[in-house]
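Positions are given from 1 along the sequence.
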Amino acid sequence: MQMKFVVKKACCSGGRVGALELGSCPKPIETPALLLSTRKGLPHFIAPDLLTSLPFPDSHLLQISPLHFLEGLASTTISKIGGLHQMLSLHQYGIAAVARDSIQCLPESKGATKLGPSFETPCGRLSINPKDYVEMISCMRPNIWATLADEVPAWVSEKRNKTSVDRTVRWLDDCLALNPAAGSVFGAVVGGPNFDERKRCAMEVAKRNVSGYWIGGFGLGERIEERPALLSAIIDVLPDEKPRMISGLGLPEEILEGIDAGIDLFDSTYVYCLTLGGFALTFSLDKGGNQYDFQRCQVERDLTKINLRAKVYSKDMSPILGNCTCYTCRNHTKAYINHLFNVHEMLAQTLLEIHNTHHYLMFFRVIREAIKDGRFKKFRMTFIESRRVHQETEADCA
């Protein structure tokens, strides 16, 4: 079954709510939505039997990098098994394949050639051409896959940036010409920090027969103040009826910025990075966006998150958040997770990733409700302003 996408409500003040139907998912997934970052198809620390503890169906959309599987089973073996859904026993999950994963498979612009992009991977620097990439996709059979892109950092020359757009469009044509019998194709849109090149790439990709759009090249050194105009240059020329996915935006403020521009799907490593550092999300999920209702800590001034490695939590028998319904907060305490970190037990990251993933999925749910009620613009302004005021207050007291 092919992907189906319907825009249910578009807010004039920014943002839209849609429904994404995938053949493997039992229920439509509402957008804006978060794609869970994975390593070889599974979240970095969450065991498969604990995936069901996450909110349904919000958590049933996974992002994978096909390049991860180069150091394991051959693509032909995965194909004989029946694809990734069969191999991973994730029959009710949607899988989106993107070559870049922002953690281990980072684009390396200096190594890219006219034949294909280059990536820094756990196996070393790797170049891949459209033919090999499409062959991997056909074997893995994801629900959604993004075509190859020549992503470049913000500091490259205008000539190199223009070349990246030309290559990306050419690789898109190559991928489509190979006609893979797997998933819905998302055309890649790049262009670096140049508004004209972003718009040119988006216009070229919009002419092709694709099911959606993957926006790359963000999080690679562009100035924050440039992002709204860059996103507008892309979104303004893309058709409204097709979904848009983006990589490189992960912080809450960045998510709100992307949603305001009209992005539907977010491939983010924010939860993974927080978990790896021992941080637990604690920012407020107030429906109005007010961030003054943080869970206040006596020792930490950053009330958006807490560091569970800190010694102060060694005797704290309360959950991470008292009103959180995730598996971790219902069954374990800060003291226990702190102990697990101290003895270098991997269960610490497992419990922490469950909480952070649950909390961030709830954040997306609150955003969708704000869009449905026509108050997204006010929600975003309140959220950002209250966080800014809090940070300035803490800085003055420091």
Side-chain angles (χ1 to χ4, degrees), residues 1-11 15-38 41-43 51-52 54-64 66 82-98 137-138 140-147 175-176 179-189 205-206 208-215 235 238-247 255 258-259 261-268 357-358 360-372 376:
M1 178 182 174
Q2 286 294 311
M3 176 201 78
K4 292 183 180 179
F5 178 75
V6 178
V7 178
K8 296 167 66 176
K9 178 166 183 177
C11 188
R16 63 183 193 170
V17 172
L20 183 69
E21 292 186 31
L22 301 171
S24 54
C25 296
K27 287 183 63 178
I29 297 173
E30 278 199 324
T31 63
L34 174 70
L35 284 79
L36 303 193
S37 174
T38 71
L42 290 171
L51 274 177
T52 55
L54 296 174
F56 172 82
D58 311 55
S59 62
H60 280 229
L61 196 54
L62 309 176
Q63 180 269 331
I64 65 110
L84 288 179
H85 290 90
Q86 192 70 25
M87 187 182 80
L88 301 170
S89 296
L90 296 175
H91 307 292
Q92 295 188 335
Y93 284 75
I95 295 178
V98 181
I137 293 296
S138 297
M140 295 177 184
R141 305 173 198 173
N143 301 90
I144 295 169
W145 61 280
T147 56
C175 289
L176 293 176
N179 193 26
S184 300
V185 186
F186 276 41
V189 178
V205 175
R208 272 64 175 180
N209 182 24
V210 294
S211 301
Y213 307 96
W214 175 77
I215 301 171
I235 300 300
L238 296 179
D240 293 333
E241 68 272 12
K242 295 181 180 180
R244 306 125 177 189
M245 178 167 63
I246 195 169
S247 295
I255 296 294
I259 291 173
I263 303 297
D264 303 297
L265 301 169
F266 292 83
D267 163 21
S268 170
T357 303
H358 182 279
Y360 222 39
L361 290 172
M362 290 298 101
F363 176 56
F364 274 82
R365 191 173 289 184
V366 170
I367 292 173
R368 291 194 295 269
E369 291 300 320
I371 297 174
K372 291 176 184 177
F376 172 74

Review point. CD1/Ile29 to CD/Glu21 distance, rounded to the nearest 0.5 angstrom?
Key: 10.5 Å

**Study point:** Check: Leu42 and Leu51 side chains under 4.5 Å, non-hydrogen atoms
**Key:** yes

Point to revise | Closest approach of Met3 to Ser211 (non-hydrogen atoms, all atoms of both residues) | key: CE-O, 3.5 Å

Practice item. Check whether any side-chain heavy atom of Leu62 lies under 4.5 Å from a side-chain heavy atom of Leu88, and answer yes or no. Key: no

Practice item. Check salt bridge (Lys or Arg N to Asp or Glu O under 4.0 Å) between Arg365 and all other residues, then give those that pass, not counting sequence neighbours. Key: Asp58

Review point. Val98 and Ala146: which non-hydrogen atoms are nearest, and at how many Å?
Key: CG2-CB, 4.2 Å

Practice item. Assess whether side chain to side chain contact (heavy atoms under 4.5 Å, CB included) is satisfied between Ile263 and Ile215, documenting all intermediate values. Key: CA-CA 9 Å; Ile263 303 297; Ile215 301 171; 3.6 Å; yes

Check your understanding: Thr147 versus Val185: any side-chain heavy-atom pair under 4.5 Å?
Key -> yes

Review point. Where do Ala96 and Leu35 come nearest, in terms of heavy atoms and distance?
Key: CB-CD2, 3.5 Å

Review point. Counting distance only, does the side-chain N/O of Lys242 pair as donor-acceptor with the main-chain N or O of Val210 below 3.5 Å?
Key: yes

Study note, to complete from the structure: By side chain to side chain contact (heavy atoms under 4.5 Å, CB included), Lys27 pairs with (sequence neighbours left out) Phe56, Pro57

Review point. Within a strict 4.5 Å, meaning less than it, do heavy atoms of the Ile255 and Phe364 side chains meet?
Key: yes

Study note, to complete from the structure: Smallest heavy-atom separation, Leu238 atom then Ala206 atom, equals CD2-CB, 4.3 Å

Check your understanding: How are the rings of Tyr360 and Phe363 set relative to one another: parallel (under 30°), tilted (30 to 60°) or perpendicular (over 60°)?
Key -> parallel

Review point. To the nearest 0.5 Å, how far apart are CG in Leu20 and NZ in Lys4?
Key: 12.0 Å

Revision key, fill the gap. CE (Met140) and CD1 (Ile95) are apart, to the nearest 0.5 Å, by 10.0 Å

Review point. At what distance, to the nearest 0.5 angstrom, does CG of Leu54 lie from CE of Met362?
Key: 9.5 Å

Check your understanding: Which residues pass the salt bridge (Lys or Arg N to Asp or Glu O under 4.0 Å) test with Arg16, sequence neighbours left out?
Key -> Asp264

Check your understanding: Could you go step by step and tell me if Ser247 and Trp214 meet the side-chain hydrogen bond (donor to acceptor under 3.5 Å, both in side chains) rule?
Key -> CA-CA 8 Å; Ser247 295; Trp214 175 77; 3.0 Å; yes

Review point. Who passes side chain to side chain contact (heavy atoms under 4.5 Å, CB included) against Val6, sequence neighbours left out?
Key: none

Study note, to complete from the structure: In this structure, CD1 of Ile259 is separated from CD1 of Ile367 (nearest 0.5 Å) by 4.0 Å

Exercise for review: Search all heavy atoms of Leu36 against all heavy atoms of Ser59 and return the closest pair with its distance.
Suggested key: CD1-O, 3.5 Å

Check your understanding: Atom OG1 in Thr52, atom CD in Gln92: separation rounded to 0.5 Å?
Key -> 10.5 Å

Review point. What residues, two or more places apart in sequence or in another chain, satisfy side chain to side chain contact (heavy atoms under 4.5 Å, CB included) together with Ala97?
Key: Ile64, Pro66, Ile137, Pro142, Trp145

Check your understanding: Which pair of non-hydrogen atoms, one from Asn143 and one from Tyr93, has the smallest distance, and what is that distance?
Key -> OD1-O, 3.8 Å

Study note, to complete from the structure: Sorted by chain and number, sequence neighbours left out, salt bridge (Lys or Arg N to Asp or Glu O under 4.0 Å) with Lys8 holds for Glu30

Check your understanding: Quick one: does Ile371's side chain get under 4.5 Å of Pro32's, heavy atoms only?
Key -> yes

Check your understanding: Taking side chain as C-beta onward, heavy atoms only, is Pro55 less than 4.5 Å from His358?
Key -> yes

